[in-house]
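Accompanying notes for the structure given below.
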Amino acid sequence: MTHLQTGLSPETIEKARLELNENPDVLHQDIQQVRDMIITRPDIGFLRTDDAFILRFLRARKFHQTDAFRLLAQYFQYRQLNLDMFKNFKADDPGIKRALIDGFPGVLEKRDHYGRKILLLFAANWDQSRNSFTDILRAILLSLEVLIEDQELQINGFILIIDWSNFSFKQASKLTPSILKLAIEGLQDSFPARFGGVHFVNQPWYIHALYTLIKPFLKDKTRKRIFLHGNNLNSLHQLIHPECLPSEFGGTLPPYDMGTWARTLLGPDYSDENEYTHTSYNAMHVKHSSSNLERECSPKHMKRSQSVVEPGTLKHEEQGESENTQLLLALD
């Protein structure tokens, strides 16, 4: 075992060997070969190239060095092509903070039986006068940046559950193809995480229609890991054990406390007030490691925050709304 595997359990090291082709004897050579490829892309600014950082890309692509480098390049290229998304990319940014406080995303403290971290999205909680889709995406990407520091999660990966209960057609009409493509590019093509499954629960017909729209942007491997359960929680439980899930998904855990993850990232800046106001926040970069995720929080029922009309919603989220509605109707 090299120092790059420090902290990993023997079981996880063995899992990395069997599933990811990770060999501690040649780990440094694998990393260096990826680093040597950087000169082939002088058009991209590689802002971080240390061993630990490159290793997460190798793990995400099962130590296929060319694929790992391609993902590394796409990671930085995505950020350079979407500079506004990554400006002030930290938890106390007003837009990101607002999304975190509203539970985007939720992160369960308990991992599943494969050691994967479970992320939750309660779609109906999206108050479109309060949170832009882009800020929700930024909050998700920032959360993944924090979580992926955990080497166990680099190897075991993540599960995403999206609950579409009470998600209205009007809300769905805001999910234009352009912003859905932006999310797919950020999560599927440009981030070094292993997603073991994306599970839709209680999805209405128009979410099926949207899924049809985005299918061309999904890789075959991604499509095979998207599960549409409807209201059949038994099929969900066959893949994720009930003891790992909160009661909203038929699990044995208490209802999910929407402030759990926000408190972890925001620390003293977290406010549980219903109203959100723009104030000046103390500069606070994300310093918490994933070990802080195990802090105890008393559960409370999911509650939708009061609306605060927020100006400055990004223009590309408004464009195509009527066209998208027509597409949804046509696919009914």
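For reference, positions follow the sequence shown, starting with 1.
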Over all heavy atoms of both residues, which pair between [X] and [Y] is shortest? Give the atoms and the distance, please.
X: P246; Y: L108; answer: CD-CD1, 3.8 Å
X: N21; Y: K62; answer: ND2-O, 3.3 Å
X: K219; Y: D189; answer: CE-OD1, 3.2 Å
X: H229; Y: V201; answer: CD2-CG2, 4.5 Å
X: Q203; Y: L228; answer: NE2-CB, 3.4 Å
X: L265; Y: S143; answer: CD1-OG, 4.0 Å

Expected output: side-chain [X] to main-chain [Y] donor-acceptor under 3.5 Å:
X: Q65; Y: M37; result: no
X: Q128; Y: Q171; result: yes
X: Q151; Y: A52; result: no
X: R59; Y: I155; result: no
X: T2; Y: P24; result: no
X: R35; Y: T49; result: yes
X: E248; Y: P255; result: no

How many angstroms lie between atom [atom1] of [X] and atom [atom2] of [Y], to the nearest 0.5 angstrom?
X: L142; Y: F86; atom1: CG; atom2: CZ; result: 10.0 Å
X: I140; Y: F104; atom1: CD1; atom2: CZ; result: 8.5 Å
X: L245; Y: I161; atom1: CG; atom2: CD1; result: 5.0 Å
X: L27; Y: D51; atom1: CG; atom2: CG; result: 8.0 Å
X: L187; Y: L182; atom1: CG; atom2: CG; result: 9.0 Å
X: L100; Y: D135; atom1: CG; atom2: CG; result: 10.0 Å

* To do: Given side-chain contact (heavy atoms from CB on, under 4.5 Å), test F217 with T222 step by step and report yes or no.
  => CA-CA 10 Å; F217 302 119; T222 303; over 6 Å; no
* Would you check, one step at a time, whether the test side-chain contact (heavy atoms from CB on, under 4.5 Å) holds for L141 with L137? => CA-CA 6 Å; L141 288 170; L137 177 58; 4.1 Å; yes
Given the rule that I, L, V, M, F, W and Y join up when any side-chain heavy atoms are under 4.5 Å apart, are [X] and [Y] in one cluster?
X: W205; Y: L213; result: yes
X: W126; Y: F169; result: yes
X: V146; Y: M85; result: yes
X: Y78; Y: L83; result: no
X: L71; Y: I39; result: no

Side chains of [X] and [Y] in contact at under 4.5 Å (non-hydrogen atoms):
X: V34; Y: I31; result: no
X: L144; Y: L119; result: yes
X: F63; Y: L55; result: yes
X: M258; Y: D102; result: no
X: L266; Y: R263; result: no
X: F249; Y: L120; result: yes

Can you establish whether the number of heavy atoms outside [X] located under 6.0 Å from its atom [atom1] is more than 12?
X: D43; atom1: CG; result: yes
X: Y114; atom1: OH; result: no
X: N23; atom1: CG; result: yes
X: K181; atom1: NZ; result: no

* To do: With N156 as reference, evaluate K117, R194, K15 under the side chain to side chain donor-acceptor pair (under 3.5 Å) test and give the passing residue.
  =>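 The passing option is K15.
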* Any salt bridge between R70 and D67, counting N to O under 4.0 Å? ->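 Salt bridge between R70 and D67, a charged N being under 4.0 Å from a carboxylate O: yes.
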* Asked: Can we say D93 and K87 salt-bridge, meaning some charged N sits less than 4.0 Å from an Asp/Glu carboxylate O?
  ->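 Between K87 and D93 there is no salt bridge, as every charged N stays at least 4.0 Å from the carboxylate O atoms.
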* To do: On the 0 to 90° scale, with breaks at 30° and 60°, tag the F46-F76 ring pair as parallel, tilted or perpendicular.
  =>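 F46 and F76: perpendicular rings.
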* Asked: Parallel, tilted or perpendicular: which fits the ring planes of F122 and Y256, with parallel below 30° and perpendicular above 60°?
  ->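 Parallel: the ring planes of F122 and Y256 meet at under 30°.
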* To do: Go through the steps to decide whether I162 and F167 satisfy the test side-chain contact (heavy atoms from CB on, under 4.5 Å), and finish with yes or no.
  => CA-CA 11 Å; I162 307 177; F167 188 71; over 6 Å; no
* Does NZ or CZ of R79 lie under 6.0 Å from the centre of the six-membered ring of Y75, at an angle within 45° of the ring axis? ->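 Judged by the rule (NZ or CZ under 6.0 Å from the ring centre, within 45° of its axis), R79 counts as positioned above Y75.
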* Hey, are N234 and Q238 close enough side-chain-wise for a donor-acceptor pair under 3.5 Å? ->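 There is no such pair between these side chains.
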* Between T176 and S178, do the side chains contain an N or O donor and an N or O acceptor separated by less than 3.5 Å? ->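 Indeed, the side chains of T176 and S178 share at least one donor-acceptor pair under 3.5 Å.
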Check: [X] ring centre within less than 6.0 Å of [Y] ring centre:
X: F191; Y: F158; result: no
X: F195; Y: F227; result: no
X: H28; Y: H3; result: yes

* Step-by-step side-chain contact (heavy atoms from CB on, under 4.5 Å) determination, I184 to L218 -> CA-CA 8 Å; I184 292 167; L218 300 176; 4.0 Å; yes
